[in-house]
Amino acid sequence: MSLSIIESCVNCWACLPVCPSNAIYEAKPHFKIDAAKCTECDGDFAQPQCASICPIEGAILDQLGAAINPPGSLTGIPPSMMEAAMAEIRAR
Amino acid sequence: MELTVLGDNAAQNSAGGGCSAGSCGSTDHQVSHLPDHIREKVENHPCYSEKAHHYFARMHVAVAPACNIQCHYCNRKYDCANESRPGVVSEVLTPAQAVKKTMVVAANIPQMTVLGIAGPGDPLANPEKTFETFRELSEKAPDIKLCVSTNGLALPDAVEELAKHNIDHVTITINCVDPEVGAKIYPWIFWNNRRIKGVKAAKILIEQQQKGLEMLVARGILVKVNSVLIPGVNDEHLKEVSRIVKAKGAFLHNVMPLIAEAEHGTFYGVMGQRGPSPEELSELQDACAGDMNMMRHCRQCRADAVGMLGEDRGDEFTMDKIETMEIDYEEAMVKRARVHAAIAETLAADHAKVSAPVMTVAAGTRPVQMAVATSGSGVINQHFGHAKEFLVYEASPNGVRFIGHRKTDQYCIGDDTCGEKESSLTTTIRALEGCEAVLCSKIGFEPWDLLEAAGIQPNGEHAMESIEEAVAAVYLEMAKAGKLEQAVITAAA
């Protein structure tokens, strides 16, 4: 049972101090979660702390590999709008 | 105890609408009306005194990457070296690196008076890193003022510690006092181990900001309030924000324009929220000025900016360069004290002169905006083509007042993926819209002709003269030449 951090992590440090299990560590190219230590905050908090403070959609995955904060869930930007804006910028 | 607020003077406010004395006439007035103990704290702080920003430099160290809230104008993901806006940095530093960098910069830029921690996240969401940096610096560089900028969520818990480290300047970003407005600006906060969204989140944030403001004022710590002007979201509301923060004892209000471009990947950028025009910003600042002193010289700098407000010398002081620099801080401190004393003398001499040029024009003469190219010291001393920004002054029968600045370089240039390419001269001329003259030390033929064609009169006759005196002189010439007798010329039918 463990969450994981993937490459979209921006190394902002927010998650590290809030982890009750000291499972998060600084690593290159991005922070990682020690699977042996991660409890998903079970018994400590109602929601996993790292995923509750992480500002990057999709950067933290649950044990099944699904994004805990899917696109649009934190910024409020509908994914279609984001795609359209990025496509428009690429086309310039 | 309530601190006296600049411009909070019955006689000055009696005029009602129009121009508030707190921001009118000579900028000297801004500082001279303050009680001595506050004036001493701000007179060499470039971010707190418009006068000081011509002479003194500041730096930010980026030791605070984590944030506890999300703002719709911020995106933690994007980090472009060509961008200059809050929240953007090139490298995050450890407290030890930050201390080294501060001392090296202070030794190399003797005009430096202030070290701030402003991000790239929220300094108080990184309390250990922030306070370790302050603790070390207050010991090793006692001549440097320390200040911090925060969103306010964690502020009440940090006030004690801030006071302990002798932080006497705090900036709180307060964009609203109404949670319904706040919900349109802040999608979430992290609070008591939960991510909280919507109106509930905004309500908590607002309560914490107000409580923090009150606690700081109670301790005699100077508070500046920053607000981001978001047209259609909080523009009208900011007048109420200004009234409330003034009543609670904030001594300066800094309303800044929203920066929103799709390529920044922010909510506002992607959703097409526009920023305010210079006129809208200026109008709102004037409207708020009836209530309190307004800051108009903010450059919305990066969380790792170095140098005078209009410039960023961060490239000269990257960590790899700093590692190789040896300094003697004791000696540097002596030199800094000498440089600061010389500036103080200049300022005092300036202060002793009649502070505002006398305007001998008829009362009904219309006001004129002029752009000025300066690299500091309060004089016109920059070549037109070298200016990366222009300061805008308004001359009227009431005197000369500073109203803001215009950047001439876009936030992103030089890369095909970043914005449209445009001749920098065209960009510059467009940025000067609304100005009728531009004062600089020198100017080439090509820009001269283009400026004239755009209705902006170039003027290189006042090089090395005081900005305010030069602007007044040009205004008087324009009046004598009969250019100011009517309202701004509108196209005849």
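In what follows, chains carry the letters A, B, and so on, assigned in the order in which the sequence lines appear, proteins first and then strands, with residues in each chain numbered from 1.
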Item to check | Options A:Asn11, A:Leu74, A:Ile56, ranked by heavy-atom pairs under 4.5 Å with chain B, top entry | outcome: A:Leu74
With a 4.5 angstrom heavy-atom cut-off, is it the side chain or the backbone of [X] that approaches chain B, or both, or neither?
X: A:Ala85; value: side chain
X: A:Ile53; value: both
X: A:Ala84; value: neither
X: A:Leu16; value: neither

Item to check | Criterion side chain to side chain contact (heavy atoms under 4.5 Å, CB included) against B:Pro95, the qualifying member of B:Lys129, B:Lys100, B:Glu128 | outcome: B:Lys129
Checklist outcome for this item: Of B:Val233, B:Val228, B:Leu258, the one forming a side chain to side chain contact (heavy atoms under 4.5 Å, CB included) with B:Ile185 is B:Val233
Checklist entry - Which one, B:Met271, B:Lys197, B:Gln70, leads in non-hydrogen pairs under 4.5 Å with chain A? => result B:Met271
Next on the checklist: Please verify the inter-ring angle class for B:Phe134 with B:His165; under 30° counts as parallel, over 60° as perpendicular, anything in between as tilted.
Outcome noted: tilted
Checklist entry - Taking it one step at a time, do B:Lys203 and B:Ile206 satisfy side-chain contact (heavy atoms from CB on, under 4.5 Å)? => result CA-CA 5 Å; B:Lys203 186 164 181 282; B:Ile206 290 167; 5.9 Å; no
Checklist entry - So B:Trp191 and B:Leu205, side-chain contact (heavy atoms from CB on, under 4.5 Å) or not? Walk me through it. => result CA-CA 9 Å; B:Trp191 177 249; B:Leu205 177 63; over 6 Å; no
Item to check | Passing option when B:Thr150 is tested against B:Asn68, B:Thr130, B:Asp122 for side-chain hydrogen bond (donor to acceptor under 3.5 Å, both in side chains) | outcome: B:Asp122
Item to check | Side chain, backbone, both or neither of B:Ala262 within contact of chain A (heavy atoms, under 4.5 Å) | outcome: both
